[in-house]
Amino acid sequence: MNQVLKSKDLLGIKELSAPEIKFILDTAFGFKDVLKRDIKKVPTLRGRTVINLFYEPSTRTRTSFELAAKRMSTDVVNFSVSTSSVVKGESIIDTALTVQALGADIIVIRHSSSGVPHLLSHHLRASVINAGDGTNEHPTQALLDAFTIVEKKGGVKGLRIAIVGDISHSRVAKSNIYCLKKLGAEVSLIGPPTLVPKEMEALGVKVFYGMDEGMKDVDVIMMLRIQRERQGKGFFPSTEEYFRKWGLTSERLSLAKDDAIVMHPGPMNRGIEIASEVADGPKSVILDQVTNGLAVRMAVLYLLSGAS
Ligand code: CP
């Protein structure tokens, strides 16, 4: 382990200090330079083994962890839950102990239940990275979002950042609230009362139920996916109604600062939380977020591997 990060694991942003977050971001900027070279592969983690253990679907997170590991010459295995002994009833702890016995130094875990990475961290000597647990946290998403804001805006401190949508079910929102507050941003949450609990103000954020009020003069708009797989029925009347009230359109975007940027963790529901003209427009940094995820995940693997 290095001198700055105190844990062998990355379980959540809640557990990190502001200096730890800044250290990860600084390290990631170094890796972004590596990724601009003609030859993007470095021998930094040769001989190490990373196992991606994804119990939920993923495009961005799993692919970028795999590529990040490969760029650093790590042996990386994408464990396929649907063709594994999990379907015969093997527990998550036995599964993780098994891949550790096969030589895993780092286990990247995504699971539908909150707290699974924390549980594994108690049973494993391997490092555990939370790639999204239930509605709890998605720490590397928040780190790549902060990285993108620093890259586009020069820093996070003092910025007005609005997070819009399904806050209740969003692990991305939770990790971003912790991260952006620790880095000194002024954070507000916007969405329907059924999806934005007023109690979240206890985290030091403002809550707005109307887009026009909440969007005024913000520097960053972070849209969230409507998580239909985690919702029951009745949080809003229909997707059309949701878009009418909380969807990000060009007209609504004009309420933000002229140089505001638009973010979305993906995957997007176009026409429900965001209009295509905004998602593909000049203020969108959505694909930059994806690109930056690679440098950030290289930094996290490197710092937790003990190589630094
Ligand atoms: N943002 C995010 O976690 O995307 P994936 O589900 O595609 O990994």
Side-chain angles (χ1 to χ4, degrees), residues 10-14 24-25 28 50-71 76-82 106-117 128-149 151-152 161 163-180 191 220-231 248 261-270 272-274 278-280 284-301:
L10 176 59
L11 302 178
I13 301 292
K14 195 175 184 176
I24 297 170
L25 298 183
V50 174
I51 309 252
N52 283 328
L53 209 57
F54 277 57
Y55 284 72
E56 275 193 331
S58 168
T59 297
R60 282 146 279 268
T61 312
R62 202 187 76 163
T63 309
S64 60
F65 265 116
E66 181 182 355
L67 269 176
K70 285 181 170 164
R71 294 279 188 255
V76 56
V77 174
N78 288 317
F79 178 90
S80 167
V81 170
S82 62
I106 299 180
I107 294 175
V108 182
I109 173 82
R110 170 172 286 191
H111 201 279
S112 58
S113 295
S114 300
V116 165
V128 176
I129 299 176
N130 181 358
D133 64 322
T135 58
N136 180 43
E137 280 222 41
H138 189 351
T140 57
Q141 180 68 45
L143 290 167
L144 75 88
D145 290 341
F147 182 101
T148 305
I149 294 170
E151 186 177 65
K152 304 293 174 192
I161 301 178
I163 306 178
V164 185
D166 181 0
I167 310 287
S168 290
H169 299 94
S170 175
R171 54 198 180 202
V172 174
K174 314 269 175 20
S175 286
N176 263 303
I177 292 168
Y178 295 132
C179 188
L180 298 170
V220 178
I221 305 114
M222 201 176 271
M223 301 306 295
L224 296 175
R225 183 171 69 87
I226 287 293
Q227 305 212 12
R228 284 177 283 189
E229 77 277 21
R230 292 189 217 286
Q231 294 177 0
L248 187 60
I261 56 171
V262 175
M263 306 179 77
H264 193 302
M268 288 183 275
N269 294 303
R270 289 171 183 261
I272 298 179
E273 69 254 2
I274 190 166
V278 176
D280 304 326
S284 169
V285 298
I286 294 168
L287 290 176
D288 299 276
Q289 290 171 260
V290 177
T291 305
N292 291 336
L294 190 47
V296 165
R297 288 173 177 129
M298 284 173 84
V300 169
L301 291 175

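Note that ligands are numbered from 1 as they come in the structure, with each ligand's atoms numbered from 1 the same way.
Among Asp145, Ile261, Val262, Val285, the one residue that satisfies the side-chain contact (heavy atoms from CB on, under 4.5 Å) test with Val220 is Ile261. Screening Ile167, Val164, Asn176 against Leu224 for a side-chain contact (heavy atoms from CB on, under 4.5 Å) leaves a single residue, Ile167.
Among protein heavy atoms, atom 6 (O) of ligand 1 sits closest to Arg110 NH1, 2.9 Å. For atom 4 (O) of ligand 1, the closest non-hydrogen atom on the protein side is Arg60 NE, 3.1 Å.
Counting the atoms of ligand 1 from 1 in the order shown, those under 4.0 Å from a heavy atom of Gln141 are 1 (N), 2 (C). Within ligand 1, counting atoms from 1 as listed, the ones closer than 4.0 Å to a heavy atom of Thr61 are 2 (C), 3 (O), 4 (O), 5 (P), 8 (O). The contact set between ligand 1 and Gly266, taken as ligand atoms under 4.0 Å from a residue heavy atom, comprises 1 (N), 2 (C), 4 (O). Heavy-atom contacts of Thr59 reach the following atoms of ligand 1: 5 (P), 7 (O), 8 (O) (cutoff under 4.0 Å).
Ligand 1 has no N or O atom lying under 3.5 Å from any N or O atom of Pro267, backbone or side chain.
By the 4.0 Å N-to-carboxylate-O rule, Glu66 lies too far from Arg62 to be salt-bridged with it.
Proximity of Glu56 to ligand 1 is not established, as no heavy-atom distance is less than 4.0 Å. Residue contacts with ligand 1 do not include Gly132, since none of its heavy atoms lies under 4.0 Å from the ligand.
Ser114 places a side-chain N or O within donor-acceptor distance of the main-chain N or O of Thr135, the cut-off being under 3.5 Å.
For the pair Arg297 and Phe65, the cation-pi criterion (under 6.0 Å, within 45° of the ring axis) is fulfilled.
When non-hydrogen atoms are compared, ligand 1 lies under 4.0 Å from neither the backbone nor the side chain of His264.
Among residues two or more places apart in sequence or in another chain, the side-chain hydrogen bond (donor to acceptor under 3.5 Å, both in side chains) test is passed with Asp133 by Asn130, Asn136.
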**Report entry** Working for side chain to side chain donor-acceptor pair (under 3.5 Å), residues Glu137 and Ser175
**Finding:** CA-CA 5 Å; Glu137 280 222 41; Ser175 286; 2.5 Å; yes
